[in-house]
Amino acid sequence: MPEMILVETHGAVGVIRLNRPAALNALCDLLVGEIGSQLVDFNANPDIGCIILTGSEKAFAAGADIKEMQSRTYPAVLHDDFIAKWETVLRVKKPVIAAVAGFALGGGCELAMMCDMIICADTAKFGQPEINLGVMPGAGGTQRFTRAVGKSKAMDMCLTGRMMDAAEAERSNLVSRVFPAGTMMEEALKIAAKIASQSQTASLLTKKSINAAFETTLTQGIATERALFLSLFGTADQKEGMAAFVEKRTPSFAKPA
Ligand code: DAK
């Protein structure tokens, strides 16, 4: 049984809730490992079509665990698998939504940015405050933040270590939508249920194609998209989706066999 996360399923939606309240969900090795194992389980479960990663009202996660990192040495971090465990979320094929309330700082913000989209409560506070600790972001903060919000704001955030509120995060395209704190989870579940009701194959390939946009040229990206789009004509889901439109009914997509 995991100690630092709570796991729920709501129909075809899997929810992982970080649950280390005494440390504002600071991401210690155990917590990162438990998140990763549960992501792997949900990813392998054909009944799950979308995953939500969330925290508490006060914190999504206030960063990597500073107390745990404090005494680490360069050779130790170089040799252990400190980095690998953090990136399990990048290997999940199903859509993953980060639903953020309260603090998403340092590694917490980086973990949210590794997800496929971020929605947040109006209480959310994002930041990369590593500079205040004499270090810098190390799990994508200088890269994903810059791609999301642009150079000037990324420099501002990473060099001053200041926090950004939900309104600024929405204005800056760090998050896709902001909800009042009391309704955020309900809204997250609605978004996830909608995604989970679609063809799992189409959403897997859509995610793959959008992610390709960050790794390649426009011409190559378009070629990737075209090949993936054409491949969907070999699926039962394409037949079902288009038949349902013509027959004026809701499509019913089968779970991947
Ligand atoms: N680590 C450990 N404990 C933390 C923590 C953290 N990041 N954040 C909060 N806590 C603990 C506090 O120490 C306190 O514990 P006690 O003293 O009660 O035992 C408890 O949570 C409540 O915190 P506060 O008393 O400070 O609460 P406040 O509401 O007053 O302030 C705060 C909330 C979020 C503003 C403040 O706690 C804060 O500034 N926290 C630190 C935020 C921060 O600097 N985050 C960045 C950490 S560095 C990598 C992966 C990841 C990373 C790097 C590399 N690789 C895989 C290569 C990431 C690095 C980071 O995230």
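All values below come from the heavy atoms of this structure, side chains included, with hydrogens, waters and symmetry mates left out.
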### Query
Once you round to the nearest 0.5 Å, how far does CG of L232 lie from CG of L204?
9.5 Å
### Query
How many angstroms lie between CD1 in I5 and CG in L31, if you round to the nearest 0.5 Å?
8.0 Å
### Task
Any pair with a residue in residues 106-121 that passes side-chain hydrogen bond (donor to acceptor under 3.5 Å, both in side chains), sequence neighbours left out, goes on the list, sorted by first then second residue, please.
D116-K207
### Query
From T146 OG1 over to M157 CE, what is the distance, rounded to the nearest 0.5 angstrom?
11.5 Å
#### Entry: For F245, ring-ring contact (aromatic ring centres under 6.0 Å, His included) partners two or more places apart
none
### Task
Under the ring-ring contact (aromatic ring centres under 6.0 Å, His included) rule, collect the residues that match up with F214, sequence neighbours excluded.
none
### Query
Rounded to the nearest 0.5 Å, what separation is found between the CZ atom of R72 and the CG atom of L78?
13.0 Å
### Message
If I take atom CD1 from residue I222 and atom OG1 from residue T217, how far apart are they, to the nearest 0.5 angstrom?
### Response
9.5 Å
### Message
By the side-chain hydrogen bond (donor to acceptor under 3.5 Å, both in side chains) test, which pairs, at least two apart or in different chains, include something from residues 33-55?
### Response
D47-K255
### Query
Tell me the side-chain hydrogen bond (donor to acceptor under 3.5 Å, both in side chains) pairs involving residues 132-144, sequence neighbours left out?
none
### Task
Measure the CG-CG distance between N19 and L6 for me, rounded to the nearest 0.5 Å.
4.0 Å
### Task
Please list, chain by chain and in numerical order, all residues satisfying side chain to side chain donor-acceptor pair (under 3.5 Å) with K94, sequence neighbours excluded.
none
